**Student:** 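There's a structure below that I have some questions on.
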There are 2 protein chains.
Amino acid sequence: MQIDVDILFTWGAVAKKYLKDEIIFYEDDSALFYYQIVEGAVKMFCSNEDGKEFTQGVFEKGCSFGEPPLFIDEIYPCTAIATQDSVVIKISKDKFLTIIAEYPEINKSIMKLLALRIFKKSLTNKNIVNQKPEYRIHAFLRDYKQKNGVSDSEKLQIPYTRQEIADFTGLRVETVIRTLSLMNKCNKVEINNHKLFY
Amino acid sequence: MQIDVDILFTWGAVAKKYLKDEIIFYEDDSALFYYQIVEGAVKMFCSNEDGKEFTQGVFEKGCSFGEPPLFIDEIYPCTAIATQDSVVIKISKDKFLTIIAEYPEINKSIMKLLALRIFKKSLTNKNIVNQKPEYRIHAFLRDYKQKNGVSDSEKLQIPYTRQEIADFTGLRVETVIRTLSLMNKCNKVEINNHKLFY
DNA sequence: CGGTTCCTTGAGGATGATCAACGAGGGTGG
DNA sequence: CCACCCTCGTTGATCATCCTCAAGGAACCG
């Protein structure tokens, strides 16, 4: 949970509903609000000229997203879209910055959040540059599992489609499918009835 | 300039010399100190199993580096190496966190710094996923130019070797060379006597 | 000069992308 | 219950391109 919802509302935040597939903000928009998810899920992604999509992150209930540009007067580097019907709290940049200045605990947690994001993005960079598909997929799965606090030994079903995994790893669907098949043969993943376990 | 040097020393920081090519910390070390460069330059990079290197960032006089893991009790995702003879100020993690809590202005500037790093890394991710070499190199050059506050119209000599550009972009030297030649033909860069201008 | 580092070129091979087609499952409406 | 549609998964063939390996040339420095 990023910022206590009561505090947000006290400072004038409003909750807004977004339907599945509705855009919350576009790449290159200027950043005017702090967003925090009450219900639902949001994906941030950017697409390049040939329409290929890259998923920069997914966010769920309790998470905030799109904060960095607020601090540096920058435009959004990616688009944010609701991947389910969602409720999102918005509060203006100024109020958000004020809250951070007023509440040391919140300040600290935002700092931690940003630090974690950098850490994760460093890893992502590293994994993507290593162009081997298996390596990229492995890193993605490991990260997903860890994010959900599941120990290495337990098997976990991965709730993403092959296309989604492709968008996370910067590969193509077919490559993901073929690589997963190979990984299945080597027992690096488990595929049952098209469902993927790791 | 990140944190005022006097403040750092007041809180017990020490300056340390590193010779060119000396390692400051290794990937997977735990993060115990805040580092800020007084003189010289530092590169952060990670390498994968086949020895290929990826440069996560370069830092110069006045810059700090390796802060994110301090906030989240994480190990370093990359190795830091002095690329020239350098002088670096070190201060313990605890003292650093105390300073941040004590000086709101410093707190703010660190927050901005982290936000900027995320922003940059998002762009890097995006550019690397777009696997076309020309695109990656272009993004790298644009970023370098912008970092140095040079307007789009001015030509700037790029002080990196082809190998270094390769390490920044996750490509191979030969690919960088061939791509730069092509870009030269289309006047997207200028090559004079092996020197690169953009 | 002699050595080192960096740049350059060519040939060949590996591999991920692309294109095209089909299969499988799930939901909906008649 | 069946027919249809839509999304997702899968497979094969072909292509484009970046990597790899090998060699040589250019610049720079003591």
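Nothing here was measured: the structure is a model prediction, and the numbers come from that model. We name chains A, B, ... by the order of the sequence lines, and we start the count at 1 in each one.
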**Student:** Using distance only, find each side-chain donor-acceptor pair of residues 6-26 of chain B under 3.5 Å and give its atom names and separation, not counting sequence neighbours.
**Tutor:**
| residue | atom | partner | partner atom | Å |
| --- | --- | --- | --- | --- |
| B/Thr10 | OG1 | B/Asp6 | O | 2.6 |
| B/Trp11 | NE1 | B/Tyr103 | OH | 3.3 |
| B/Glu22 | OE1 | B/Leu19 | N | 2.7 |

**Student:** Going by salt bridge (charged side-chain N to carboxylate O under 4.0 Å, His left out), name the residues that satisfy it together with B/Lys120, two or more places apart in sequence or in a different chain.
**Tutor:**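 If we apply the salt bridge (charged side-chain N to carboxylate O under 4.0 Å, His left out) test to B/Lys120, skipping adjacent residues, the hits are B/Asp143.
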**Student:** Check the distance between D/dG9's C1' and A/Glu164's CD and give it to me in whole angstrom.
**Tutor:**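 Rounded to whole Å, this separation is 13 Å.
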**Student:** Over how many whole Å does the gap from B/Ile158 atom CD1 to C/dC6 atom P extend?
**Tutor:** 17 Å
**Student:** Give the rounded distance in Å between these two atoms: CG of B/Asn130 and C1' of C/dA17.
**Tutor:** 13 Å
**Student:** Take atom NZ of A/Lys185 and atom P of D/dT10, then tell me their distance rounded to the nearest Å.
**Tutor:** 11 Å
**Student:** Can you identify which nucleotide, out of D/dT10, C/dC7, C/dT9, has its nearest atom closest to the A/Ile177 side chain?
**Tutor:**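 Among D/dT10, C/dC7, C/dT9, the one nearest the side chain of A/Ile177 is D/dT10.
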**Student:** Taking everything shown except A/Lys112 itself, do over 12 heavy atoms lie less than 6.0 Å from its NZ?
**Tutor:** no
**Student:** Can you name the salt bridge (charged side-chain N to carboxylate O under 4.0 Å, His left out) partners of B/Glu39, sequence neighbours left out?
**Tutor:**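 B/Glu39 satisfies salt bridge (charged side-chain N to carboxylate O under 4.0 Å, His left out) with B/Lys61 only.
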**Student:** Just to be sure I understand the rule, does A/Lys195 reach a base, reach only the sugar-phosphate, or reach nothing, if contact means heavy atoms closer than 4.0 Å?
**Tutor:** nothing
**Student:** Counting only side-chain nitrogens and oxygens, does A/Arg162 get under 4.0 Å of the OP1 or OP2 atom of D/dC8?
**Tutor:**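 Answer is no, no contact under 4.0 Å.
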**Student:** Can I get a per-line list of side-chain donor-acceptor pairs under 3.5 Å for residues 73-84 of chain A, giving both atom names and the distance, sequence neighbours left out?
**Tutor:**
| residue | atom | partner | partner atom | Å |
| --- | --- | --- | --- | --- |
| A/Asp73 | OD1 | A/Lys93 | NZ | 2.4 |
| A/Thr79 | OG1 | A/Glu27 | N | 3.0 |
| A/Thr83 | OG1 | A/Ala41 | O | 3.3 |

**Student:** Atom CG of B/Asp167 to atom P of C/dT5: distance rounded to whole Å?
**Tutor:** 16 Å
**Student:** In whole angstroms, how far is the C1' atom of D/dG9 from the CG atom of A/Leu180?
**Tutor:**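 Those two atoms, CG and C1', are 11 Å apart.
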**Student:** Could you tell me how far apart A/Tyr160 (OH) and D/dG9 (P) are, to the nearest whole angstrom?
**Tutor:**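 Those two atoms, OH and P, are 14 Å apart.
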**Student:** Can you name the salt bridge (charged side-chain N to carboxylate O under 4.0 Å, His left out) partners of B/Lys108, sequence neighbours left out?
**Tutor:**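 Residues passing salt bridge (charged side-chain N to carboxylate O under 4.0 Å, His left out) with B/Lys108: none at all.
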**Student:** Both B/Val173 and A/Arg136 contact DNA chain C. Taking the nearest nucleotide for each, which residue is further toward the 5' end?
**Tutor:**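 First, find each residue's nearest nucleotide; the 5'-ward one identifies B/Val173.
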**Student:** Please report the distance, rounded to the nearest Å, between CG in B/Leu182 and P in C/dC7.
**Tutor:**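 Rounded to the whole Å, the gap is 17 Å.
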**Student:** In B/S/- notation, 5' to 3', how is nucleotides 15-26 of chain D contacted by protein heavy atoms closer than 4.0 Å?
**Tutor:** ---SSBB----S
**Student:** Tell me whether A/Leu113 shares a hydrophobic cluster with B/Leu116, the cluster being built from Ile, Leu, Val, Met, Phe, Trp, Tyr side chains joined at under 4.5 Å.
**Tutor:**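 Result: no, two separate clusters.
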